[in-house]
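This structure is a prediction, so every number in the text was calculated from the model and none was measured. Order of the sequence lines fixes the chain letters, A, B, ..., with proteins taken first and strands second; residue numbering starts at 1 for each chain.
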There are 2 protein chains.
Amino acid sequence: MTDNEKINPPISIQTLKRLPLYLGYLKSLDKDEIKIISSPIIAKALNLNEVQVRKDLASIKSGGRPKTGYLLEKLIISLEEYLGYGNMNEAVLVGVGCLGCSLLKYNGFENYGMKILVGFDVDESVIGTEINGKRIFPISKLKDLCQRLHINIGIITVTGESAQEVCDLLLEAGIQAIWNFTSIQLNVPDGIIVQNENIASSLAVLSKHLKKKSKVRK
Amino acid sequence: MTDNEKINPPISIQTLKRLPLYLGYLKSLDKDEIKIISSPIIAKALNLNEVQVRKDLASIKSGGRPKTGYLLEKLIISLEEYLGYGNMNEAVLVGVGCLGCSLLKYNGFENYGMKILVGFDVDESVIGTEINGKRIFPISKLKDLCQRLHINIGIITVTGESAQEVCDLLLEAGIQAIWNFTSIQLNVPDGIIVQNENIASSLAVLSKHLKKKSKVRK
DNA sequence: TAGATTGTTAATCGATTAACAATC
DNA sequence: TAGATTGTTAATCGATTAACAATC
């Protein structure tokens, strides 16, 4: 453990995932009307336990005050700072199919500190075109371009069959984090993070729940 | 606890989410070549603990045999059965924007036991059109149509501002499960499941990881 | 029989929740 | 001061991992 970690223990991944929820809720409030907000109110709005909210917020230096609560504006700034929404991470996307295309078109990522610069594909018919201002390059240019642009994040929206291949290519190009939209489990070396966006897992939870309900009804 | 639960304890949500991963991996294997598969092999392929794999597979009746392992074909069938990939859940999608459109175009859901029947929107220019064979209706038809078709799942791909409104409408129409692609936390009564597909949370994990790495490198 | 693997019981680990002191 | 709220320490809960008996 480094000295830094002794003083600022790393927050849990669960807490980290909740921080954007807090931020989203706080930003939805009317800043002119509400100056101060408390953990019980946040907890109620987001269906969370109020102790959990306090603990989460305490883990970033949120400056809450006993009796008073948290200063709304200050809390928003703390969260944005912690989540790094100020300094943009740059990404490339590989696989400009149906899903890839809609991610390229989506402009909301920039609110979360990520910007997709370019796309890659093998399909001649999309290479050279622009989608939402983002140029599509042949996959042969991937390594060179990523290295030159110092890209950190690779988004994989190809089919399952080519996912690992694309992943390896991205790693060769020096990418540090992968956002995986395929249902394949990617093999990466230690230190590289893979975030899986797994539709099948979500659907499994949904449909199991439905099945249970229909059984109860019978 | 019901008698049924005493005999077949409900599996944990974590296990449930991993089942599609097992299935995907097993299906990717060559059935002609591989007849039998063991937990250490599955675990290695998916970067999981082998005890976890065994426990997960034991929770559905997978019929593994000591010394031998699991019969590949039988295991696939057990998983598909448990996940209910045989009987289709029917869904509607509300919000035919950029993301909604690409979900309508995506045909992979049917492999996971879900079928989107129709879409809804307020935008006159999309109402009446078809996307991938799915008709788009005005939102005023939502309640009637969902009730008549006995729809179970509602997919919300509208903007955050109208998300709760749409959610309430879906609940009125008798929907039992909601797949929420907005970053809003939806309020639903007990017994309704909401599965959040939260891009902001995923990005928070990715970018925190990158920040830590760049610090270490300094 | 010996070796390999499953399935289960016990131990460990981590996250959530409860209790409570500190504080404005 | 009394009441409300934060932040932290302790207790609980649930999931993962380890140990091991059962078995082919």
>> What is the distance, to the nearest angstrom, from the NZ atom on B:Lys55 to the C1' atom on D:dA18?
In response: 11 Å
> Atom CD1 of A:Ile11 and atom P of D:dG7: how far apart are they, to the nearest Å?
Replying inline: 15 Å
> What is the distance from NZ of B:Lys67 to C1' of C:dA2, rounded to the nearest Å?
Replying inline: 8 Å
> Counting only heavy atoms not in A:Glu110, do more than 12 sit closer than 6.0 Å to its CD atom?
Replying inline: yes
> Think B:Gln52 has a side-chain N or O under 4.0 angstrom from the OP1 or OP2 of D:dT16?
Replying inline: yes
> Rounded to whole angstroms, how far apart are CD1 on B:Ile60 and P on C:dT6?
Replying inline: 14 Å
> Any idea which of C:dT6, D:dT6, D:dT8 is nearest the B:Pro40 side chain?
Replying inline: C:dT6
>> Need to verify one output field. Residue with the more 5' nearest nucleotide on DNA chain C, B:Leu57 or A:Ile13?
In response: B:Leu57
>> Check whether B:Thr157 reaches the backbone of B:Gly95 with its side chain - one donor and one acceptor, N or O, closer than 3.5 Å.
In response: yes
> Quick one: A:Leu71 CG to D:dT5 C1', roughly how many Å, whole number?
Replying inline: 13 Å
>> Quick check on DNA chain D: between A:Thr68 and A:Val51, whose nearest nucleotide comes earlier from the 5' end?
In response: A:Thr68
> How close or far is atom P of C:dT16 from atom CG of A:Leu48, stated in whole angstroms?
Replying inline: 10 Å
> Mind checking who C:dT23 pairs with, Watson-Crick or G-U wobble, both distances under 3.5 Å?
Replying inline: D:dA4
> How close or far is atom C1' of D:dG3 from atom CZ of A:Arg65, stated in whole angstroms?
Replying inline: 18 Å
>> Whole angstroms only, please: what is the CG-P distance between A:Asn47 and C:dT16?
In response: 15 Å
> Which of these nucleotides, C:dT6, C:dA15, C:dT23, is closest to any side-chain atom of B:Arg54?
Replying inline: C:dT6
> Hey, mind stepping through B:Lys208 and A:Tyr82 against side-chain contact (heavy atoms from CB on, under 4.5 Å) and telling me if it holds?
Replying inline: CA-CA 9 Å; B:Lys208 200 76 225 162; A:Tyr82 187 87; 3.6 Å; yes
>> Just N and O in the side chain of A:Tyr70: are any of them under 4.0 Å from OP1 or OP2 of D:dG7?
In response: yes
>> Tell me whether the side-chain N/O atoms of B:Asn49 come closer than 4.0 Å to OP1 or OP2 in D:dA18.
In response: yes
>> Please confirm whether the shortest side-chain N or O distance from B:Ser39 to OP1 or OP2 of C:dT6 is below 4.0 Å.
In response: yes
>> Between B:Gln164 (side chain only) and B:Ser162 (backbone N and O only), is there a donor and an acceptor less than 3.5 Å apart?
In response: no
>> Applying the Watson-Crick and G-U wobble criteria at under 3.5 Å, what pairs with D:dT17? Answer none if nothing qualifies.
In response: C:dA10
>> Any donor-acceptor pair under 3.5 Å linking the side-chain atoms of B:Asp56 with those of B:Gln52?
In response: no
>> Measuring from the side chain of B:Ala58 (C-beta onward, heavy atoms only), which nucleotide among C:dT16, D:dG7, C:dG7 has the closest atom?
In response: C:dG7
